[in-house]
Chemist: 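Submitted below is the structure of interest, expressed as structure tokens.
Chain letters run A, B, ... following the sequence lines, proteins first, then strands; residues in each count from 1. Computed from a predicted model, the values in this text were never measured in an experiment.
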Amino acid sequence: MKFAVIVFPGSNCDLDMYHAIKDELGEEVEYVWHDETDLSGFDGVLLPGGFSYGDYLRCGAISRFSNVMSEVVKAAEAGKPVLGVCNGFQVLTEAGLLPGALLRNKNLKFMCRTVGLKVENNETQFTSEYSKDEVIQIPIAHGEGNYYCDEETLTRLKENNQIVFTYASENPNGSIEDIAGIVNEKGNVLGMMPHPERAANDIMGGSDGLALFKSIVKHWRESHVNQA
Amino acid sequence: MKKVKVYVTLRESVLDPQGSAVMGALHSMNYKEVSDVRIGKFLELQIEESDRDLDTTVKEMCEKLLTNTVIEDYRYEVEEVAGK
């Protein structure tokens, strides 16, 4: 399986993402600069964390109009897995690929620590290698991770089982219903504030994030075997 | 040439923790009459005359890029810029 790690000016978790895929997962991966116009050669798209365009105006607001983003939309429409972590999640909401928005943390502080995440839905292509309600330890590092959406959207998210991760004990940012990560209706676009790529090997302090990437590959292999 | 002043604030339904902190500070300074503080952004655009309708263009820019309508409201004012 071949992954694209999209690199915007100001991305800073692109190397971590690349490392997790290449060295920990053992799959193919390439960096793709934000003004590229073709993602057809890739099976999955990863939007890394960081401060794309310096978070100017709003997080993700400017990146969302990069050339590559129309390709990311195409990939999402084609059913390819698209994962946005941290700033990547912010870009996905700005681009309208995921509902809602990310606000300033309620306590106005940049939160950087490892938190417990509860797997609310393990029936997605990103979480099949976890058990339902399993609590995993994943690092967060954000100042604007307070997920917000209106009541109507929240009801829809619940009805469709789109809430994938919630903060297990303490909510670090004040997000609605302790939401840490959601998928789109189709289930192939995941946005999450915590960083699974930073928990891909015990030497990094934990490896609970690796199963997320393994789930993606497993789903991809299975769907391609079925097609053959 | 027109000068367009765009004011962006968080929607009423969205908590503004910065605004609340500032209100707390004002209260502690004994300005108890302050009942709400909302912090927003102010953008000033200089726009050349064109065949496109100014209001349509400004609204488009606000809704596509300048604000995120999921969380923000905006209003704008248009001023004539005196020609040279």
Chemist: Where on Asn107(A) is there a heavy atom nearer than 4.5 Å to chain B: the side chain, the backbone, both, or neither?
Modeler: neither

Chemist: Is Lys64(B) atom NZ crowded by more than 12 heavy atoms from other residues, nucleotides or ligands, each under 6.0 Å away?
Modeler: no

Chemist: Taking everything shown except Phe110(A) itself, do over 12 heavy atoms lie less than 6.0 Å from its CZ?
Modeler: yes

Chemist: Which region of Leu108(A), side chain (C-beta onward) or backbone (N, CA, C, O), has a non-hydrogen atom less than 4.5 Å from a non-hydrogen atom of chain B, or is it both or neither?
Modeler: side chain

Chemist: Could you give me the CA-CA distance, side-chain angles and deciding distance for Leu103(A) and Leu10(B), then say whether side chain to side chain contact (heavy atoms under 4.5 Å, CB included) is met?
Modeler: CA-CA 10 Å; Leu103(A) 296 165; Leu10(B) 285 171; 4.0 Å; yes

Chemist: My understanding is that only residues two or more places apart in sequence, or in another chain, count here; which of them pass side-chain hydrogen bond (donor to acceptor under 3.5 Å, both in side chains) with Glu152(A)?
Modeler: none

Chemist: Evaluate the side-chain proximity of Thr93(A) to Asn68(B): yes if any heavy-atom separation is below 4.5 Å, no if none is.
Modeler: no

Chemist: Select all residues of residues 18-30 of chain B having any heavy atom within less than 4.5 Å of some heavy atom of chain A, and report them by number, or 'none'.
Modeler: Gln18(B), Ala21(B)

Chemist: Heavy-atom count around Gln46(B) CD within 6.0 Å, excluding the residue itself: above 12?
Modeler: yes

Chemist: Tell me whether Glu170(A) at atom CD has more than 12 heavy atoms from other residues, nucleotides or ligands lying less than 6.0 Å away.
Modeler: yes

Chemist: For a quick test of reading the model, state the closest non-hydrogen atom pair linking Leu57(A) to Leu65(B) and the distance between them.
Modeler: CD2-O, 3.3 Å

Chemist: Verify the neighbour count for atom NZ of Lys106(A): are there more than 12 heavy atoms of other residues, nucleotides or ligands below 6.0 Å?
Modeler: no

Chemist: Is it the case that more than 12 heavy atoms not belonging to Lys186(A) sit under 6.0 Å from its NZ atom?
Modeler: yes

Chemist: Suppose the criterion is salt bridge (Lys or Arg N to Asp or Glu O under 4.0 Å): which pairs have a residue in residues 33-42 of chain A, not counting sequence neighbours?
Modeler: none

Chemist: Between Tyr148(A) and Val70(B), what is the shortest heavy-atom contact and its length?
Modeler: CE2-O, 3.8 Å

Chemist: Could you work out, with side chain to side chain contact (heavy atoms under 4.5 Å, CB included) as the rule, every residue matching Asn171(A), not counting sequence neighbours?
Modeler: Tyr167(A), Asn173(A), Ser175(A), Asp178(A)

